[in-house]
Structures are given as C-alpha cells and as structure tokens.
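Just so it is clear, the model here is predicted, and its values are computed rather than measured. Numbering of ligands and ligand atoms starts at 1, following listing order.
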Amino acid sequence: MDKLVITGKTPLKGDVIISGAKNAAVAILPATLLIDGVCTIDNLPNISDVKIFCDILKELGAKITWISENELTIDTRNISENNAPLDMTSKFRASYYLIGALLGRCKNVTVGMPGGCKLGARPIDQHIKGFEALGAKVDVGQGKITAKADKLVGNSVYLDIVSVGATINVMLCAVLAEGTTIIDNAKEPNIVDVANFLNTMGADIRGAGTDVIKINGVKKLHGNATYSVVPDQIEAGTFMLAAVASRGDVTIKNCITKHLEPITAKILEMGAYAEDLGGDTLRVWCDKTPNKVNIKTLPYPGFPTDLQPQMGVVLSTANGTSIINESIWESRFQYTEELNKMGAKITAQGKTAIFEGVESLSGAPVYATDLRAGAALIIAGIIADGKTEVYNLNHIDRGYENIEEKFRKLGANIQRVSEEVAKDE
Ligand code: EPZ
C-alpha cells in the first residue's frame, strides 16, 4: 500500500496552478457520446477517474488519442456498444452520466450501479425521475440500471432536491431529444461547464448557471471543436484552506475567483486574508491563529460540501469552538476520527460536528476515508508537529492531479513511498 509521508510543520508559501475540474471532466467525457464526430478536450485533470472514463469510452467504441498529459481527442463516430462494462462503471460515481448520454444517443443503455466515495446513501431517484419525464422506461435491479425509450421528448422536469448529478444527467438526455426540456434545479459551475461544452459541439442549451435551464433538442452534435475544462473550484479551495491552516501565503493561479467567493467569505470571517489579483489569480494568506467560524454546507453558491473536511482541519486549530453542519451527505465526518488521532478535539454526531480549537496537531498514521477526507489529512500532516503517514491514496488519486508535487512546490515536506520501500523501512 502506498502512503504519503509528511513532516510538518510548514507554512505553505508560493504559487500553485490549479488543474481542470474533476467533476466537470467526468461529465464532459461521457457527454462526448452524444457527438457524431471528433472533438478535442484540453485542461483535463490527469487523475484516475478521467483515466477510467477514457477506458470505458474505448470499450464502447470511441477512439481516444492523447495529445499531451492534459489534452486528448475523442472520435465517437463509431460507437458500437450501449452497455457499459458493469465492473468498470461500478468503480465510481460519475458513471451514472453514461445513462443520460447513451440514452440520448442510442435510446437504450445498461450500466452497473455507480460506486464512488462512501458518503452515506447516494440515491439516483431524481436522475430516473428526469429520464422518465422525457419518455424513458428505467429498471433498476441485480446491480445494474437499464433505461430504454422509443423516443425522447422534451418536458418540464421538476426535481425534488437540488442535485448536480441529476441536473447534468437530464441535460445529457435532453440534448438530442425532440422539443424543449426545462430543468429548474442546480446552478453549480460544473453544470455550466458541461452546458458550454455541449453548446460548443452544437447543442442549444440556455440558462445554465441560473435557476432555469432550457434545452432545445437538436438533431446532431457535430464535434469538430476544442473545449477547455473549467478550473477546479474544489482544488483551488483546498489550497486556499491549506494556506490558512498552515499560516502561509499562497498565490492560486488558473482559478475562477467568482466560484471561490463562498470560501473567500469564510476566510475573511476567520481574520485571514484573500485578495483577487486579477487574471484568474487569488492570493490567500494568514499570519495569526484564525477565529472560529460556523459553516453549513449548501448547494452552490453556498459553502461546498467538498471543502468541508479541509475546512475542518482549519477549525481544528482555530481560536475557540466552531460548528460545522453538513447538509448534503450523511457520512462526511469520518475524517474527524482521523484528525482526533492527531490531537484534534472534534465531536461529530449525525450531520453536525463541534470543533474545539487546539494549539497544534501532532503527526500520526491516518487513513483517507474518501477523496476530500484525504486532502484534509494531507493538510493536517503539513500543519502537524512531527511525522504523519497518510494511507488509502487511491481515494486522493481519483481527484487531485500531482497533489504531493503541488504541495512540495509550496514548501511542504511530503513524499510518496511505495509499498516495497515502505516494507524495507
Ligand atoms: C456531485 O455529486 C459531486 N460528484 C460530489 O463531489 C459533490 O459532493 C456533490 O455533487 C454535491 O456538490 C460529482 O460531480 C461526480 P448531488 P452528486 O446529486 O451529483 C441527494 C467529490 O468529492 N440525491 O448534487 O452525486 C444526495 O444523496 C464528490 O468530488 C438524491 O436524494 O450529488 C445528496 O444528499 C463527492 N437523489 C444530495 O441529493 C438523487 O437522485 C445532493 O447530491 C440525487 C441526489
């Protein structure tokens, strides 16, 4: 088992360049299945979720050519399969986008039940509700989902909860449907990015990023264009919070500062600093112990659940007692047990956790329980006294490109140690 070995206690200083957004990339890749042509995608993050998606697309008959580490072309003219390999799709959550995309293209699809981070119950009833509104018949059972339609016809889709995934999935299903689909739901940046990608390839989607998305079905997506994936809001937020947690001074490049406002607001409330330097660059710094703050995670533009664990590390050593309310996922406080092993004083119960700020954390062996928990534990290791070992790196590698290299460039003492080397120690 690989591990990250981190020796604290380092104030992070310097520049970091943010990669393309994981959660946009994992929707844009299946969206290419709607195209009858060749497209180029750049600013793709070099992460394992992207690699798995490319493997699935190849199994379906797509031709993928890598131009560089972060850019590829996809030729989807000869898609020969509409049944995505069950063992591959059940490895990660975003495989649910294959349902919307293949339903849109082939009107018939089977995929394995989506896997992904264990954050509590992760139903897809709202996705199904949307597909059904457009005329599909959906069956779930024996670890797979099958969706079929004679034809797809646009409709008004009312989802019962705010869902990023369901909004994108219904959008994918509606792009080639007859007539107009209206979705009144989430307005997160990754949804806007997927809509922009599809429009670049010939779709007619209006209003993404506002309360109401209107999709006028088109007969064909032509491809024949290049699209650059939006910068990762969550990766940028991870480095912003790492700067505050380590009492450092970090300049974050290639980020969309507007997307980061919910995080910037909390950083300022804690008494740390954030300055928009223009040109997609944000400087974040902290020269004293941050003040306590209370956080409630909410759909965009609220504070993102995907930065809740990283914020938890900041609050572990803040002045006073802070409270986090997690309103999106049931089980997103598993990381607090790991932080407590490092000397934090956190009491988590249900969807609430109370953080009693301590003076400092101390290094310990800890286990990433999911992707963002993993990022939080790296930050904890960087600010702790002594040596921290972070295990279960597969979670972290799913969503962060070159994470240890980026932290190392900021001054962190962090090494990836492979199983063989670890055994010899
Ligand atoms: C996306 O998940 C992200 N994943 C998650 O990021 C992120 O935490 C989440 O949005 C919220 O921002 C991807 O984009 C691949 P939702 P998604 O549908 O779309 C409930 C990370 O760390 N719900 O917006 O699956 C659901 O249980 C990951 O990068 C239903 O009840 O989330 C949750 O409570 C983790 N029925 C809430 O809605 C449904 O059909 C929001 O989920 C769908 C969702």
Side-chain angles (χ1 to χ4, degrees), residues 19-31 45 47-50 52-53 89 91-100 113-133 138 140 145 157-173 183 185-194 229-230 232-238 259 262-263 296-311 325-332 334-335 350-351 368-376 395-401 403:
S19 300
K22 162 193 169 262
N23 287 342
V26 296
I28 287 172
L29 287 170
I47 54 176
S48 65
D49 269 10
V50 162
I52 297 176
F53 237 127
T89 52
K91 277 191 189 144
F92 68 133
R93 181 77 183 159
S95 58
Y96 53 38
Y97 292 133
L98 291 164
I99 311 173
M113 275 313 264
C117 288
K118 304 273 179 279
L119 307 173
R122 299 188 72 175
I124 58 162
D125 55 307
Q126 299 303 308
H127 302 235
I128 293 172
K129 185 177 176 183
F131 301 144
E132 288 176 343
V138 184
V140 182
I145 303 162
V157 179
Y158 296 99
L159 303 176
D160 303 326
I161 38 144
V162 180
S163 165
V164 177
T167 301
I168 293 178
N169 228 344
V170 177
M171 195 162 81
L172 295 177
C173 185
I183 314 171
N185 203 256
K187 46 188 176 190
E188 218 239 352
N190 294 328
I191 299 173
V192 180
D193 206 45
V194 180
V229 177
V230 69
D232 197 315
Q233 175 207 13
I234 302 302
E235 190 197 7
T238 299
H259 295 167
I263 304 110
K296 180 168 184 172
T297 63
L298 287 169
Y300 186 82
F303 191 90
T305 173
D306 293 348
L307 288 171
Q308 185 262 99
Q310 301 86 319
M311 178 56 106
N325 254 295
E326 170 58 54
S327 79
I328 312 284
W329 300 116
E330 283 176 349
S331 313
R332 211 163 203 179
Q334 297 168 68
Y335 73 91
K351 287 188 162 186
T369 46
D370 62 69
L371 168 61
R372 308 303 171 185
H395 290 301
I396 302 171
D397 295 339
R398 282 190 38 226
Y400 286 94
E401 175 172 340
I403 191 164

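Closest to atom 7 (C) of ligand 1 by heavy atom, among Asn190, Ile234, Asn169, Asp306, is Asp306. The residue from Gly130, Ser163, Ala375 that puts a heavy atom closest to atom 16 (P) of ligand 1 is Ser163.
Between Arg398 and Asp370 there is no salt bridge, since none of the side-chain N atoms of the basic residue sits less than 4.0 Å from a carboxylate O of the acidic one.
Within the structure, the closest approach of Glu326 to ligand 1 does not fall below 4.0 Å when heavy atoms are considered. Contact between Pro123 and ligand 1 is present, with at least one heavy atom of the residue lying under 4.0 Å from the ligand. Judged by the shortest distance from any of its heavy atoms, Ile128 lies outside the 4.0 Å radius around the atoms of ligand 1.
Contact annotation for Tyr300 and ligand 1: no heavy atom of the residue comes within less than 4.0 Å of the ligand. The part of Thr305 lying near ligand 1 is the side chain, judged by heavy-atom distances below 4.0 Å.
Taking the side chain to side chain donor-acceptor pair (under 3.5 Å) definition, one finds that Tyr400 meets it with Thr238, Gln310, Arg372, sequence neighbours left out. Scanning for side chain to side chain donor-acceptor pair (under 3.5 Å) contacts around Asn325 gives Thr352, with sequence neighbours left out.
Which parts of ligand 1 touch Val164 is read off a 4.0 Å heavy-atom cut-off, strictly below it: atoms 10 (O), 16 (P), 18 (O), 19 (O), 24 (O). Annotation for ligand 1: atoms under 4.0 Å from non-hydrogen atoms of Gln126 are 36 (N), 39 (C), 40 (O). In the vicinity of Arg332, heavy-atom distances shorter than 4.0 Å reach the ligand 1 atoms 8 (O), 22 (O), 35 (C). Interface of Arg93 with ligand 1, defined as ligand atoms under 4.0 Å from a residue heavy atom, comprises 25 (O). When each atom of ligand 1 is checked for a heavy atom of Ile124 under 4.0 Å away, the hits are 39 (C), 40 (O). Residue-ligand proximity, Gly165 to ligand 1, at heavy-atom distances under 4.0 Å covers atoms 18 (O), 19 (O). Against a heavy-atom cut-off of under 4.0 Å, Ile161 is close to the following atoms of ligand 1: 20 (C), 23 (N), 30 (C), 31 (O), 36 (N), 38 (O), 44 (C).
Residues Val138 and Glu132 have side chains in contact (heavy-atom distance under 4.5 Å, counting atoms from C-beta outward).
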